[in-house]
Amino acid sequence: MSIESTNFIRQIVARDIAAGKNDGRVVTRFPPEPNGYLHIGHAKSICLNFGIADSYGGACNLRFDDTNPEKENIEYADSIKRDVQWLGHEWRNLCYASGYFERLHGFAVELIEKGMAYVDSLTPEEIREHRGTLTEPGRESPFRDRGVGENLDLFARMRAGEFGDGEHSLRARIDMASGNINMRDPVIYRIRHASHWRSGDKWCIYPMYDFTQCLSDALEGVTHSLCTLEFEDHRPLYDWVLDNVDVPCHPQQIEFGRLNLNYTVMSKRLLNRLVQERYVAGWDDPRLPTISGLRRRGFTPASIRNFCERIGVTKSDGMVEMGVLEHAVREDLDNDAERRMGVLRPLKVIIDNYPANRIEELVARNHPKRPEFGERSIPFSREIYIERDDFMEDPPKKYFRLAPGREVRLRYGYYITCREVIKNEAGEVVELRCTYDPETKGGTSPDGRKVKGTMHWVCAENAVDAEVRVYDRLFQSANPTSENFLNQLNPHSLEVLRHCKLEPDLANAAIESRYQLERQGYFCIDADSDALHPVLNRTVTLRDSWAKQAA
RNA sequence: UGGGGUGUAGCCAAGUGGUAAGGCACCGGAUUUUGAUUCCGGUAUGCGCAGGUUCGAAUCCUGCCACCCCAGCCA
């Protein structure tokens, strides 16, 4: 059920193909920096880039934009590859900006030779002072007019390691008076005596983003270089570099709005803090909007792809409601997940007129609408568990679950009627005594009498004891800001339920397999499970019009 | 007082001069052994605001307003 939308970027690509631009080729790339884990916002970019390549017979590269050795590492790079693949995409080439370091250096030399770049010996602070402000032009560096020979010599010595970090930098010679601050002689190389996760200690000068991105794109023959809105005013620089150096092609940068999702944060910096400072259990904490977190939570790749398709791609920066993502998983899992029964907050029910030693097997469908999913048998006996919420001693109007004297249907089981309520000394209901109607096996009565409620249940004797982790939004605020986000954490974002009772079939469920627990929601078997003790994550609840009505 | 963007329903989003698609959410109703799913129906006399052009404007013009991004040797 994948919808292929059109959007302004696809229109540009289609138009370019029709016009014969780039000989009709389409090459895109997804260029993450390996300094953190991917999140749902990256998924939007991944789906866009790979999706366009797919539908126009092109190719998409995965390229690590690894020009800042101090922040990057291989763990991040590995996680990125894993996540892209899990989402279901295949890159044509696996590339690294660091793989272009030698050629990038050559382009820098070319710029110097043309008098379009110079070695500046101002300190970082002085450079900042010279840059001017948003409303005032910058001032030229006293080193701006150094001769080509001197620049070449200094740049060579920068590379050779003769200088310390920050002593010199290489700057593009553009326009210190430009209204666009990115054009005020941007630094394109800096000295950093740091070892790089791929190139080791080979380099002590590293190219900056603006110099690297456009040239990497050109070297890979990228036709459409898609990035987010904040790079819009870098585009003149992107084009300047490509226009002034001898490259095989000139990719077109196109910007789109990044994804914002309410009740969560998407910034890598903030996510990193949540992980490093232990507000969550790791990058794959199911409460996080990271790909690995969503995966552990039970989201499917298809649901994420459909979500990305549905929210569209535009230049307006909007805030998408979490409900859209939730709808996407429900839709996918409703179709694909097998059904089981499980009781999260058990209440014991004893069926007085059912023989004490008898256990019978009842037949349940694994999916209400897909017979090919088959059937399973579930045990039934005198003692069962039902959900505490499914009983009320003094029910409100329109409540059609169990109550004193009421008859309900046990799904795939019998009709039972509540005869007696057993309480402890504190007055809490601890047990129900019921009777069943032997004529209603399977859930229908020969006399055709109607019962309003159908409830899930689990046979007490054979139930599997499980831990279930139920999640709520990580933040209480729809739009947590970087200043207040720690204060906005939702203290109830994780609730661990122990001694939940599942039907026996679930004892052997595979890690990462997904089920619908009928009437409750979709759940995913967590990696913390062991043979005796499954752990489930609740991905999302079912829609619940009763909860809405009761509230 | 600089530069670059964006404004269509509660949220996303089509629309490219011919009379406001679709999705999510929401509200009705039907079916239902999951209060689920599914199915039907409803929800902008209105497109940031004000003028103008035109037989006709969300689309073109003018002026305003609001919001977002930019002053890392981060990406």
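Predicted model, so just to flag it, every value in this text is computed and none were measured. Every chain is numbered from 1 and lettered A, B, ... according to where its sequence line falls, protein lines coming before strand lines.
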Provide, to the nearest angstrom, the distance between the [atom1] atom belonging to [X] and the [atom2] atom belonging to [N].
X         : N      : atom1 : atom2 : answer
Gln11(A)  : U16(B) : CD    : C1'   : 9 Å
Ile378(A) : U34(B) : CD1   : P     : 14 Å
Arg310(A) : A14(B) : CZ    : P     : 15 Å
Asn366(A) : U34(B) : CG    : C1'   : 14 Å
Glu309(A) : A13(B) : CD    : C1'   : 13 Å
Arg370(A) : U34(B) : CZ    : P     : 19 Å
Leu402(A) : G35(B) : CG    : C1'   : 15 Å
Ile311(A) : G23(B) : CD1   : P     : 17 Å

Looking at the angle O4'-C1'-N9-C4 for a purine or O4'-C1'-N1-C2 for a pyrimidine, is G63(B) syn or anti, with syn meaning within 90° of 0?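 G63(B): anti.
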For atom [atom1], what is the distance between [N] and [M], given to the nearest Å?
N      : M      : atom1 : value
G52(B) : A58(B) : P     : 15 Å
A66(B) : C49(B) : C1'   : 10 Å
C61(B) : A75(B) : C1'   : 40 Å
A30(B) : U37(B) : C1'   : 14 Å
U59(B) : U16(B) : P     : 12 Å
C40(B) : U45(B) : C1'   : 26 Å
C65(B) : G23(B) : C1'   : 31 Å
A13(B) : U6(B)  : P     : 13 Å

Is the base of G10(B) touched by the side chain of Glu321(A) through a donor-acceptor pair closer than 3.5 angstrom?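 Indeed, a donor on one side and an acceptor on the other fall under 3.5 Å apart.
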Hey, does [X] reach any base, or is it just sugar-phosphate, or nothing, if we go heavy atoms under 4.0 Å?
X         : result
Thr314(A) : sugar-phosphate
Lys398(A) : base
Met319(A) : sugar-phosphate
Tyr399(A) : base

Using distance alone, with no hydrogens and no angle criterion, decide if Glu33(A) and Asn35(A) have a side-chain donor and acceptor under 3.5 Å apart. yes
Would you say that Trp283(A) contacts Ser79(A) through its side chain, given a criterion of any heavy-atom pair below 4.5 Å between the two side chains? no
Find which nucleotide of RNA chain B each of Gly443(A) and Arg235(A) is nearest to by heavy atoms, and output the residue with the more 5' nucleotide. Arg235(A)
5'-most contact on RNA chain B (nearest-nucleotide basis), Thr440(A) vs Lys315(A), goes to Lys315(A)
Is there a Watson-Crick or G-U wobble partner for [N] with both distances under 3.5 Å, and if so, which one is it?
N      : result
A20(B) : none
C26(B) : G42(B)
G72(B) : none
C67(B) : G5(B)

Can you give one letter per nucleotide of nucleotides 36-41 of chain B, going 5' to 3': B for a protein heavy atom under 4.0 Å from the base, S for sugar-phosphate only, - for none? SBS---
Treating primed atoms plus P, OP1 and OP2 as sugar-phosphate and everything else as base, which nucleotides of nucleotides 67-75 of chain B get B, S or - for protein heavy atoms under 4.0 Å? -SBBBSBSB
Tell me the ring-ring contact (aromatic ring centres under 6.0 Å, His included) pairs involving residues 251-273 of chain A, sequence neighbours left out?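 Sorted pair list comes back empty.
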Within less than 4.0 Å of OP1 or OP2 of G35(B), is there a side-chain N or O belonging to Arg519(A)?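 Checking Arg519(A) against G35(B): at least one side-chain N or O falls below 4.0 Å of OP1 or OP2.
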Phosphate oxygens OP1/OP2 of C26(B): is one of them under 4.0 Å from a side-chain N or O of Lys548(A)?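 Indeed, a polar side-chain atom of Lys548(A) lies that close.
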Which donor-acceptor pairs under 3.5 Å do side chains of residues 542-551 of chain A form with protein atoms, sequence neighbours excluded?
residue: Asp544(A); atom: OD1; partner: Trp546(A); partner atom: N; Å: 3.1
residue: Asp544(A); atom: OD1; partner: Ala547(A); partner atom: N; Å: 3.0

Residues, nucleotides or ligands: over 12 heavy atoms within 6.0 Å of Arg258(A) CZ: no
Lys315(A) atom NZ, over 12 foreign heavy atoms within 6.0 Å: yes
Which of these passes ring-ring contact (aromatic ring centres under 6.0 Å, His included) with Tyr436(A): Trp457(A), Tyr414(A), Tyr415(A)? Tyr414(A)
Please list, chain by chain and in numerical order, all residues satisfying side-chain hydrogen bond (donor to acceptor under 3.5 Å, both in side chains) with Tyr189(A), sequence neighbours excluded.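 In terms of side-chain hydrogen bond (donor to acceptor under 3.5 Å, both in side chains), with neighbours along the sequence ignored, Tyr189(A) is linked to no residue.
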So which pairs with a foot in residues 408-417 of chain A pass salt bridge (Lys or Arg N to Asp or Glu O under 4.0 Å), sequence neighbours left out? Arg411(A)-Glu518(A)
Is the ring centre of His42(A) less than 6.0 Å from the ring centre of Tyr37(A)?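 Ring-ring flag for His42(A)/Tyr37(A): false, centres at least 6.0 Å apart.
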NZ or CZ of Arg190(A) within 45° of Tyr206(A) ring axis and under 6.0 Å: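 Cation-pi check for Arg190(A) and Tyr206(A): fails.
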What is the distance from atom CZ of Arg173(A) to atom CG of Asn151(A), rounded to the nearest 0.5 Å?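 Spacing of CZ (Arg173(A)) from CG (Asn151(A)) equals 9.5 Å.
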